Peer 1: 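The structure is given below, and queries will be raised subsequently.
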Amino acid sequence: MRTSQLLLPTLREDPIDTVVVSHKLMLRAGMIRQIASGLYTWLPLGVRVLRKVENIVREEMNRTGAQEILMTSVQPSELWEESGRWNQFGPELLRLQDRHNRNFCLGPTHEEVVTDLVRREVNSYKQLPLNLYQIQTKFRDEVRPRFGVMRSREFIMKDAYSFDLSPDGMERSYQNMSEAYCRIFNRIGLNYRAVIADSGAIGGTGSQEFHVLADSGEDDIVFSTGSDLAANIEKAECIAVGERGSPNEVMRRIETPSQKTINALVQDFGLSIDKTIKTLIVKAANNCESGFIALIIRGDHTLNEVKAENHAMVCAPLTFATEAQIREIMNAGPGSLGPVHCPIPVIADRQVAMCSDFIVGANEDGWHYFGVNWGRDCNAPIIADLRNAIEGDLAPDGSGTYQIRRGIEVGHIFQLGRKYSDAMTANVLDDNGKQSSLYMGCYGIGITRIVAAAIEQCHDDRGICWPASIAPFQVCIITIGSNKNPEVDIEAARIKQDIESKGLEVLLDDRILSAGGRFADMDLIGIPVRIVVSHKTLENNEVELKQRTEEIPVRILLKEIVDKVMTLECLKF
RNA sequence: CGGGGUAUAGCGCAGCCUGGUAGCGCAUCUGCUUUGGGAGCAGAGGGUCGUUGGUUCGAAUCCAGCUGCCCCGACCA
């Protein structure tokens with residue numbers, strides 16, 4: 001390919017209204033253009049990268065025995081009503097009607113459609129295990145799209161769905177996918193982690209996320225310093241440290257007229273923050289008579305809403321009581337709540353249960369109790385893991401302490417069990433001739449997001465530095481002084497052809513532009529290897545070779561350049 | 001959905017306060033000269049100033065509504 005024939009609208013300046021580096025660079029490198037909020041057109045350079053990612057994913061999926069299919073993005077509402085998700089999904093599901101006023105949605109995911117396919121076409125356990133996947137456009141009407149294609153509304157996803165007769169089979173299919181995902185991210189060359197995840201609204205039991213580590217990530221990933229244990233912060237288990245001390249203080253009622261927050265309390269009374277307790281009132285699950293539940297965590301901790309919501313006594317989705325409701329139940333405002341004489345059930349975080357001589361609101365405006373102790377001053381609470389992990393917490397496997405880094409979620413795998421197959425009666429006959437509901441798994445990879453994540457991880461101040469596995473071209477050639485020596489163009493074209501014949505993709509920058517402009521553009525779009533053919537180097541029958549990530553070019557004899565390029569480590573993938 | 005910005009040529013911006021010929025840089029086109037880190041000179045083209053309405057002899061400019069886009073928050077397989 002020659003740049004003169006390529007639609008490559010690079011931008012010299014940073015676009016405004018961009019926050020993350022991948023978004024800036026994808027716009028500057030002419031990979032994408034925005035068409036509306038969260039909607040992007042992919043330009044030729046971007047599509048080349050996208051196809052590279054897709055092909056790696058496709059090869060690794062095929063290697064596991066999964067079979068590629070292609071489902072529609074427009075899906076009839078009937079299937080979603082069967083699974084119950086027509087009502088469960090909020091406005092993120094883009095709904096539309098056809099000319100007959102029939103309801104459809106743009107698919108945010110394809111469990112319903114694939115389950116419908118399998119229940120029609122698969123009847124016997126002998127056809128299992130089965131894994132079907134597609135690489136296709138998804139639509140989710142995100143409340144606030146941002147960061148370019150990192151969180152867009154329309155995006156490309158590889159989604160796979162496994163079908164097994166038994167939980168064991170499902171487990172095996174899940175493991176196969178997990179291993180395939182590791183191969184995929186290794187081949188692309190990403191620094192990633194597999195982490196334990198919450199299975200969220202999609203339902204099911206086991207779940208793992210794959211995160212590319214990058215400061216611009218939107219998720220907090222918790223690792224142990226001493227083992228492979230890694231989890232999304234939503235799911236990172238926190239254990240209690242230490243033993244509960246025996247009471248040393250008597251409980252006192254202290255007037256705190258203006259101390260409505262933990263910080264004010266700590267400052268004004270010179271307290272240690274780990275002696276203070278936060279009380280949060282949330283709606284209780286339907287089977288709970290009280291209507292509301294008090295959740296308590298230590299003053300220096302934050303509530304983990306996912307953990308709270310997953311508790312059997314707590315209403316899902318987590319709903320905080322309004323101030324009016326709090327006053328009605330507790331007879332006090334939000335700044336003065338506590339577990340002493342509490343009219344509703346109390347769930348305490350594990351660490352709170354270890355506290356002694358602590359400080360709580362008195363359930364009376366303007367008053368706190370100091371020196372409170374469990375059992376003596378208030379009922380022993382129900383204990384649960386309710387808080388977010390923080391750096392330095394002990395890992396629950398005893399291997400070390402927690403560290404927290406930011407991650408970009410590029411993959412997510414779930415064991416769904418029979419959630420969809422039961423709801424949609426997807427059965428096969430087992431070896432006893434009995435109807436048996438299928439065990440499913442689902443496995444997603446954000447193809448478009450991987451492109452952005454790779455840039456987040458591989459760039460410098462001049463632009464993108466593609467890993468060769470997904471580079472739009474592996475080699476670029478810049479010519480200088482072709483007016484002084486016609487051999488420049490001839491040799492450049494010959495080198496291009498010779499390298500292409502060895503199976504690499506070459507971009508020859510033949511634009512009528514200053515050399516500096518072309519250097520800058522080739523750096524910006526991140527081609528891993530650059531060859532300069534100039535009237536000067538040709539005087540010695542040489543060309544110049546430079547890798548994108550290195551500063552110093554080397555001179556190579558013209559007749560050796562092709563072989564030299566073919567042996568470069570940075571092009572091995 | 002709450003809060004805050006913003007909208008003028010492909011991109012980045014000035015003009016608006018104080019109403020009266022729509023401007024600058026980059027990009028684009030033509031010609032000549034240039035070619036090792038975003039070249040120079042000369043010329044040219046390109047905008048119903050987001051939209052609707054109001055005030056006015058006259059609106060990019062003042063007023064009101066609407067819309068788009070961006071940021072923060074809530075939300076998010």
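Computed from a predicted structure; not experimentally measured. These numbers come from the heavy atoms of this one structure, side chains and all, not from hydrogens, waters or symmetry mates. Residue numbers start from 1 in every chain, and the chains themselves are labelled A, B, ... in the order their sequence lines are given, proteins ahead of strands.
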Peer 1: Could you go over nucleotides 42-44 of chain B and give all protein N or O partners under 3.5 Å, atom names and distances?
Peer 2:
none

Peer 1: Hey, mind stepping through A:H110 and A:K138 against side chain to side chain donor-acceptor pair (under 3.5 Å) and telling me if it holds?
Peer 2: CA-CA 9 Å; A:H110 280 67; A:K138 298 280 181 279; 3.2 Å; yes
Peer 1: Return the minimal non-hydrogen interatomic distance between A:S73 and A:Q136, and the atom names on each side.
Peer 2: N-NE2, 3.4 Å
Peer 1: Enumerate the residue pairs fulfilling salt bridge (Lys or Arg N to Asp or Glu O under 4.0 Å) with a member in residues 17-37 of chain A, sequence neighbours excluded, ordered by first and then second residue.
Peer 2: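 Sorted result for residues 17-37 of chain A: A:D14-A:R28.
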Peer 1: Select from A:E13 and A:E92 the residue whose nearest nucleotide in RNA chain B is closer to the 5' end of that strand.
Peer 2: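 The residue whose closest nucleotide sits nearer the 5' end is A:E13.
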Peer 1: Atom CD of A:E550 to atom C1' of B:G37: distance rounded to whole Å?
Peer 2: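 Going from CD in A:E550 over to C1' in B:G37 covers 18 Å.
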Peer 1: Looking at A:K419 and A:D422, is any side-chain nitrogen of the basic one under 4.0 Å from a carboxylate oxygen of the acidic one?
Peer 2: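 No, A:D422 and A:K419 are not salt-bridged.
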Peer 1: Looking at B:C32, which nucleotide sits across from it as a Watson-Crick or G-U wobble partner, both distances under 3.5 angstrom, or is there none?
Peer 2: B:G40
Peer 1: Could you identify the nucleotide paired to B:C11, looking across every strand shown and requiring Watson-Crick or G-U wobble geometry with both distances under 3.5 Å?
Peer 2: B:G25
Peer 1: Check every strand shown and say whether A:E234 touches a base, only sugar-phosphate, or nothing at a heavy-atom separation below 4.0 Å.
Peer 2: nothing
Peer 1: Answer with yes or no whether the side chains of A:E456 and A:S22 bring together a donor and an acceptor at under 3.5 Å.
Peer 2: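 There is such a pair (donor and acceptor under 3.5 Å, judged by atom type) between the side chains of A:S22 and A:E456.
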Peer 1: Under the side chain to side chain donor-acceptor pair (under 3.5 Å) test, which residues partner A:E542, sequence neighbours left out?
Peer 2: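 With sequence neighbours excluded, A:E542 shows a side chain to side chain donor-acceptor pair (under 3.5 Å) to A:R555, given in chain and number order.
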Peer 1: Starting at the 5' end of RNA chain B and moving along, which residue's nearest nucleotide shows up first, A:I445 or A:T10?
Peer 2: A:T10
Peer 1: I'd like a table of atom pairs between the protein and nucleotides 32-36 of chain B - only N or O on both sides, under 3.5 Å - with the distance next to each one.
Peer 2:
unit_1: B:G36; atom_1: O6; unit_2: A:S534; atom_2: OG; d: 2.6
unit_1: B:G36; atom_1: N1; unit_2: A:E544; atom_2: OE1; d: 2.7
unit_1: B:G36; atom_1: N2; unit_2: A:E544; atom_2: OE1; d: 2.6
unit_1: B:G36; atom_1: N2; unit_2: A:E544; atom_2: OE2; d: 2.6

Peer 1: Using the 3.5 Å cut-off, write out each protein N or O paired with an N or O of nucleotides 68-70 of chain B and the distance between them.
Peer 2:
unit_1: B:C69; atom_1: OP1; unit_2: A:S37; atom_2: N; d: 2.9
unit_1: B:C70; atom_1: OP1; unit_2: A:Q34; atom_2: NE2; d: 2.8
unit_1: B:C70; atom_1: OP2; unit_2: A:S37; atom_2: OG; d: 2.9
unit_1: B:C70; atom_1: O2'; unit_2: A:D17; atom_2: OD1; d: 3.2

Peer 1: Quick one: do A:D219 and A:R406 make a salt bridge, cutoff under 4.0 Å?
Peer 2: no
Peer 1: Just how far, in rounded Å, is C1' of B:G5 from CD1 of A:I16?
Peer 2: 11 Å
Peer 1: With ring-ring contact (aromatic ring centres under 6.0 Å, His included) as the test, pick out the partner of A:W80 among A:Y420, A:F89, A:W86, A:F104.
Peer 2: A:F89
Peer 1: In terms of relative ring orientation, are A:Y40 and A:H23 parallel, tilted or perpendicular, with 30° and 60° separating the classes?
Peer 2: perpendicular
Peer 1: Using the test side chain to side chain donor-acceptor pair (under 3.5 Å), find all partners of A:R151 that sit at least two apart in sequence or belong to another chain.
Peer 2: A:E142, A:E218
Peer 1: Counting side-chain heavy atoms from CB outward, which of B:G37, B:C76, B:A74 is closest to A:A520?
Peer 2: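 Per side-chain heavy atoms of A:A520, the pick is B:G37.
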Peer 1: For a quick check under 3.5 Å, do A:S83 and A:E111 share a side-chain donor-acceptor pair by atom type?
Peer 2: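 Absent: no donor and acceptor within the cut-off.
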